[in-house]
Amino acid sequence: MELAKKYNPREVEDKWYKKWIANRYFNSKPNPAKRPFTIVIPPPNVTGVLHMGHMLNNTIQDILIRRARMQGFEACWVPGTDHASIATEARVVNMLKEKGIEKNSLTRQEFLKYAWEWKEKHGGIILEQLKKLGASCDWERTKFTMDDDYSESVIRVFVDLYNKGKIYRGVRMVNWDPQAKTAVSDEEVNYREVKSKLYFVKYKIVGEEGDIVVATTRPETILGDTAVCVNPADERYTRFHGKKVIVPLVNREVPVIADNYVDMTFGTGCLKITPAHDINDYEIGNRFNLEIIDIFNDDGTISEKGQVFVGQDRFKARSLAAKQLEEDGLLVKIEEYVNKVGYSERTDAVIEPKLSMQWFLSMKEISAPALENVVNDNIQLVPAKFKNTYKHWMENVKDWCISRQLWWGHRIPAYYLPNTNEFVVAETDAEALELARKKTGNAQLTLADLRQDEDVLDTWCSSWLWPIAVFDGIRYPDNEDINYYYPTNVLVTAPEILFFWVARMIISGYEYRNDKPFSDVYLTGIVRDAKRRKMSKSLGNSPDPLDLIRDYGADGVRTGMLFSSPAGNDLLFDVKLCEQGRNFSNKIWNALRLVKGWNTTNDQHTIRESDEVAIEWMEARINQVLLEIDDHFGKFRISDALLSVYKLIWDDFCSWFLEAIKPDFEQPIALITRNRVVDIFEKLMKIAHPFMPFISEEVYQQLKDRADSDSIVIAAWPKPENFNKEIIEKAQKAFEVVANVRNIRQQKQISPKESVRLFAKLENLETYFPASKMIWRLANISELDIVTEKIENAMSFHIGADEWFVPVNMTIDRDTEIDIVQKEIDYLVGFLQSVLKKLDNEKFVNNAPANVLEMERKKGHDAEKRIVGLGRKIGRITIDEIVSMARATDPIGIFDSGIGGLTVARAVKRVLPEEQLIYFGDTAHLPYGDKSTAAIQAYSIKICDIFLQRNCKVILIACNSASAAATDLVTEYVSKRARVFNVIDPVVNYLREKYRESTIGLIGTKQTVGSCVYDNKTAALGNNLVLKSLATPLLVPMIEEGFLQGDISQEIINEYLKKPSLKDIEALILGCTHYPLIKEQVRNYYGGAVEIIDSSEIVAASLKAFLEYNLLVNTKRVADDLFMVSDYTESFESLTKLFFGEQVQLEKNTLWE
RNA sequence: GGGCUCUUAGCUCAGCUGGUUCAGAGCACCUGCCUUACAAGCAGGGGGUCGUAGGUUCGAAUCCUACAGGGCCCACCA
C-alpha cells in the first residue's frame, strides 16, 4: 500500500489508543515478579478543562511511565480528579445565579444536589482530554476525592488527628473573603499595590482640650477602635500615656497605650487599634487585653456592633465615614498613598481580616519528618533549588486552618451538643450519638439533638492523602495495592503548590504510612507565552490544547512542549515548537516511506562495503546516545533526553545513515541489509516511544508484520550495549571530509549530481578507515587516492594534520586563496603562541597535571604542523619562519639604550605606516657603550619580556652596542615567539649584495668602532671588503644639543671625514642611530661620490621585506604606537621630536624599580 | 525589609568536582538548491570580552567578594 506523502496523525492516533485500551496495556495490578513504578496524577479540578500546564505536566508523567513500562517495571499511573471545594462551589453558585437561584435560598441538601449534577455533567471531561494526549493511565483506577471510600478516608483521618490532639478549634484572625463568605488561607491571598488614601483623623482627649491625630487608610474601621497606640519612646506623646481619647463617629472612650510595634516615623506616629480587623492590632489587643468589636457582617457590610452605617457595604461605609468626619471637623487632611491590599485568589474580592472560629491542624510536630526527609535527600526535589525554599517554609510552618465555610466538600464530623459549644467528633452519626450520650450522661439523646458543624474541610485536607487514599491505604492500611505501590516513584507537579500540596502529602505520608509518599518530585515550570506572560484564560493568550493536538498531532504537541522545558524553568510556549514537533513526526514518516519503498534482492553482491560500515556505525551511535538518554532520564532532564532522541533520528539516522545506505536509483537493496536497517529503525522507535507514542507505534507496526498482541507499548526498552567507539570517531572525521567536499561544491557551484575526485595527503590511513568507505557515496566521489604531494589546481581543506584535495577546473583566484589561508595562519599562530606561553611558564609546567601538560604539547605540535602545511600552500614560506612568526596585526618592538633608536623607528614607520610600534628606551642605563656585555644582555632580555608580553611579532634591537652584545642571546631567548632584528646584520647583508673588492668606511661611537663587530662580520662575507672605521665621539653630543644645521656642525663633520683613515672609500656606513640626522651634512661633504649607508633605512627596508615575504605586513592599524622609557626627564621627551620627527609622549616604565 | 536564585549567540537554554565536552545545543538568521523518502525538505555558513569590577590560582564561564539588573518565596507598615 502506498503511504501518504505526509504523516496524518489524526487517523493514526485514535486507532492506536483504542487498541491500547482494548488490550489493557495500561492496567496494572500488583505483580511480585516485577518492581512497581508508580505515579499518581496531580488531580485536576473535577470540572476543569485541560490547559497548557496540564499538557506539560501530563506529558512528562506519560513519558516517565511509558519508559518504565518498557523497562519492565509494573507501571501504574493513577488518574483522578479533585473536588476543589472553593472553585467548584463558586462555579455552581454562578451557574445557579444565572438560573436566578440564590445559594442562600437553598438548603444544604438542595445545593449539594445541584452541585453533584454539575459534577456529573462536567466532571471528568479533562480525563477524556488526557486520552487525546496519549496519557497511559490505568483508567480503571480513576479516583475522585469525594468518592465514598475517599471521603471516608478523609473523615477517618480528621477523627484520628482530633483524637491525637492535633486538631483544635480556636478564634483566629483569618483572611475573610466576603464574597465567597469563607476564610481563605494565607497562600490564597494575593497582595497588590493599590493607590489609596491616607486619612488623618483627630481623636479628642477626654477631660481636656486638644487631640491626637491618627493616620488610617481605613476610616470605616474606626467604629471598631478600642485603643490608640503610640511608641513608648516617642516623646511627642509621652504626656498622653494612660489618658483616654474619644473615638470619632461612635464617641467611645478608649485608652492611649504604648507599644513598640508602632513606627514613630510613619504618619503621625500614632496608631488606632482595631483588634477585630487587623492582625497586628489583634496581637496588640491581646497584650493589652482590649475589647474586640467586630463591626462587619460575613458579607462585608457593617454589623449592629458598628452602631452607624449599619448594613452598608464596607467601601460605602468608608466614604460615609470620611464624609462624616469632615462634617464633624475631625478630618485633618487626606494624602494620596500607595499600599498593598490583599485580594482573594479565587474571587478577587478584597480580603477582610476577621476574627473567626475555625478548625486548625497543629503542624509543628507532625511536619518534622517531612522537613527531615527532604533535607536529607530521602525525597529529592528536582530541580534541587527548591529544597532551600522548602526548608525555609517548613522551618516556619504555621498551623493549618482546615475549615472552609462552604458546602461542597467533606463536612467536618463534629457534632455540637444541645445548647452548648461542646462537641464530639466521630466518623459516623451513630458513633457521634454514642459519644454524645456518654459525654452528656443523657442516654435519651437522639441524633436530632445534635448539630453537625456546617463547615467543610479545606480541599487540601483530602488531596494531601492522595498517594495513600487512591490505594485505599487509609481504610485498609495493609491491603495488597498500598503495600505494593506505595511509596510511589515520582510526583510531577507545579512549584506553586509545593507547600499547599506536596509538603502536606509528605507530612501525611509519614503520619499514616511512616514512609515517604514518593521518592522524587519533579517540579515543572509555568507555561508562559513568548512575551513571558503567564498563560491564562483571562489574558486570552492560551491556545486550546485540543486545537493544537488537532493541528500538530499529539506527538507533535508533546515534543513541542518538551523541546524547551528544563525542570523548574518556565516554558515559553510558542506554536513554532509544536510545528517543530510535527515536522519531526513527518521526518520519521518519510524515513519509513523510504525504507518501505525499497525493492529487495537476495543477491549478496549488492551488499556494499560501505553498508557494513554504516550499520556498524549506526549501531554504535545508538548505544552511545542510549547511554546519554539514560543519563538524562536519571537526572530528570527530559528535555535533553528528547533532544538526544531528536538528533539521533534526524541527524544520525536520516541525514547520515540512510543517505549512506540507500541504494542507487531504482536499484534493489540486499534483503539482509534491509532487515538490519529495519531492526535499527525499530530500535529507534522504541527509544522515541515515550515521547511520541503514536507515530512510534504506527512505524513499529508498519516495519514488520506483527501479531495482534504485539505493541511497542509493551516492547522492551533497548539496553545500551558495548559499542565501537573507534568507528564513531572515524566516522566523525569521514563526515567532516564529506562536509568539506560539499562546501567546495557549494563554492565552486558543482552540482551534487556531478561526481568529483578526491585526494588525500595523510599522516596515517588508519585514522579514517573503514569509515572512509562512506565518503564515496555521501560526497559523490568518483576517485579517491592517497597522494604524497599537494595537488595543483585543486581546492583543499584540512582535517587535523591531514590535507585533502578536490581538483577543480576553474582557476582559483590566488589572492583570495592567500587571503583565506593567511587568516587561518593568523588564528593558528595566535593559538600556538598561547600554547607556547603556557609551556614556557615554569609554574604551569610544574603544577599542571601530566595529562593537561601532554594535551598542551600535542596542541602545540598539531598547530605547528598545520601552520607548516598552510604555509606551503601559499608556497613561499620556510618552515622555521612560519613557526617563528607572529600575526600580522601584532606590534613591532624596538629598543635602544636611549631615544636615538627613534631614528630607526621613524625609518620603519615611513616604510610600514600601518604597523604598531612599541618603543623602549632604556634611558635609566644610558649609554650602553659603557656597560659590560653581561649587563647589556641582562637588560636586553628584560626588555624583550615586555615585548613578548605584548605579543610583538618582531623585536628590533635599534642599538649598535646591544646588537653586537645581545643579538644571539635574545634570538635564542625569544625563540619562536618573535623574530629578532638588529641594526648591524641588515647592513652587512646589504654590503654583501652590493659591494665586492671594495673599501667601505664606518663612523660610529668609540664603543662600536672599538668592538670591531662590523670588521668581523664584513670579513666573514668573503667579498674581500676592506673596512675603514673611525670613532666620531663629538657627533652624539652635538646632535643632542641640536647643532645640526649651520657651518659649525658642518665643519666638525668635515673635520672627521677628512681624516686619512676614511680615505678612498666607496661607501660610508653611519654606524650610530644618531647619525641619520646628519646624513645631509655627510652627503654634502662627499658631494655624491660616496654612498651614504643609513643603517636605519637599511634595517627598515629589510624588515619590510621580511614581513612582506611572510605575509606579516599589517595592513590595518589596530592600536596606537607606544613609547616607553625606563627613566623619564622632560629633555628626553623634547628630544623625541628631533629623532622621531614628531613629538611623542613618553611613558615611564617601572621595569627596574 | 528577610531568605533563595539567576545573568553565557538574536531567542530559549546546556556547560558537573576550576584545565579538550571550553566557549556548546536547539530555534531563529544568511546563502545555494523543487537532488526520485521528506520544501513540514536538503546542503553550506555567519553569530558570544560567558552581567560589571576586583580577588584567589600556573590557569576562572566555573571558586570568593562587591556592585548592577531580573525572578521566586516569606513577612508586611497603619
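Each chain gets a letter, A, B and so on, in the order its sequence line appears, and its residues count up from 1.
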Should the side chain of A/Glu666 and the base of B/U36 be counted as holding a donor-acceptor pair, with the cut-off at 3.5 Å? no

Polar pair under 3.5 Å, donor/acceptor by atom type, side chain A/Lys385, base B/C4: no

Can you give each donor-acceptor pair under 3.5 Å made by side-chain atoms of residues 649-657 of chain A, sequence neighbours left out, with the distance rounded to 0.1 Å?
residue: A/Asp652; atom: OD2; partner: A/Arg621; partner atom: NE; Å: 3.1
residue: A/Asp652; atom: OD2; partner: A/Arg621; partner atom: NH2; Å: 2.8
residue: A/Ser655; atom: OG; partner: A/Trp650; partner atom: O; Å: 3.2

Using OP1 and OP2 only, check whether a side-chain N or O of [X] sits under 4.0 Å from [N].
X        : N     : result
A/Lys587 : B/C38 : no
A/Asn280 : B/C77 : yes
A/Asn583 : B/G41 : yes
A/Lys398 : B/C74 : no
A/Ser655 : B/A43 : yes
A/Lys662 : B/A37 : yes
A/Arg528 : B/C11 : no

Check the distance between [N]'s [atom2] and [X]'s [atom1] and give it to me in whole angstrom.
X        : N     : atom1 : atom2 : result
A/Asn8   : B/A40 : CG    : P     : 16 Å
A/Leu643 : B/A25 : CG    : P     : 11 Å
A/Ile744 : B/A43 : CD1   : P     : 17 Å
A/Asp640 : B/C27 : CG    : C1'   : 15 Å
A/Trp656 : B/C42 : CH2   : P     : 13 Å
A/Asn780 : B/C42 : CG    : C1'   : 15 Å
A/Glu628 : B/G26 : CD    : P     : 13 Å
A/Gln580 : B/A28 : CD    : C1'   : 11 Å

What's [X] touching, base or sugar-phosphate or nothing? Going by heavy atoms closer than 4.0 Å.
X        : answer
A/Asn743 : sugar-phosphate
A/Lys753 : sugar-phosphate
A/Val214 : nothing
A/Leu271 : base
A/Arg582 : base
A/Glu579 : nothing
A/Lys5   : sugar-phosphate
A/Arg218 : nothing
A/Tyr646 : sugar-phosphate
A/Trp650 : sugar-phosphate
A/Lys576 : nothing

Thinking salt bridges, do [X] and [Y] make one under a 4.0 Å N-O criterion?
X        : Y        : result
A/Asp281 : A/Lys272 : no
A/Asp377 : A/Lys387 : yes
A/Arg236 : A/Asp234 : yes
A/Lys391 : A/Glu395 : yes

I want to verify a distance call: between [options], whose nearest atom is closest to the [X] side chain?
X        : options             : value
A/His392 : B/A40, B/A14, B/G2  : B/G2
A/Phe499 : B/U12, B/C73, B/G44 : B/C73
A/Pro752 : B/G26, B/A43, B/U35 : B/U35

Between [N] and [M], how many Å separate the two [atom1] atoms, rounded to a whole number?
N     : M     : atom1 : answer
B/A28 : B/G46 : C1'   : 13 Å
B/A68 : B/U57 : P     : 28 Å
B/G55 : B/G3  : P     : 28 Å
B/U56 : B/G48 : P     : 31 Å
B/G47 : B/A9  : P     : 15 Å
B/C50 : B/C11 : P     : 16 Å
B/A25 : B/A39 : C1'   : 24 Å
B/G45 : B/G24 : P     : 14 Å

A/Arg777 and A/Asp664: side-chain contact (heavy atoms from CB on, under 4.5 Å), yes or no, with the steps? CA-CA 10 Å; A/Arg777 304 185 45 69; A/Asp664 293 331; 3.4 Å; yes

How are the rings of A/Trp393 and A/Phe499 set relative to one another: parallel (under 30°), tilted (30 to 60°) or perpendicular (over 60°)? parallel

Judged by nearest nucleotide, the residue sitting upstream toward the 5' end of RNA chain B, A/Ala739 or A/Thr268, is A/Ala739

In terms of the nearest nucleotide of RNA chain B, which residue is placed more toward the 5' end: A/Lys635 or A/Glu659? A/Lys635

For [N], measure the glycosidic angle (O4'-C1'-N9-C4 for a purine, O4'-C1'-N1-C2 for a pyrimidine) and name it syn if it falls within 90° of 0, otherwise anti.
N     : value
B/U7  : anti
B/U20 : syn
B/U21 : syn
B/G18 : anti

Option among A/His277, A/Glu352, A/Glu220 that satisfies the side-chain hydrogen bond (donor to acceptor under 3.5 Å, both in side chains) test with A/Arg314: A/Glu352

Could you tell me whether a side-chain N or O of [X] sits under 3.5 Å from a main-chain N or O of [Y], the two making a donor and an acceptor?
X        : Y        : answer
A/Thr673 : A/Ile669 : no
A/Arg582 : A/Cys578 : no
A/Arg528 : A/Phe573 : no

Pairing string of RNA chain B (Watson-Crick or G-U wobble, both atom distances under 3.5 Å; | = paired to other strand) is (((((((..((((.....[....)))).(((((.......))))).....(((((..]....))))))))))))....

Kindly determine whether A/Gln580 and A/Tyr646 satisfy side chain to side chain donor-acceptor pair (under 3.5 Å), including the steps that lead there. CA-CA 11 Å; A/Gln580 197 186 342; A/Tyr646 180 80; 3.3 Å; yes

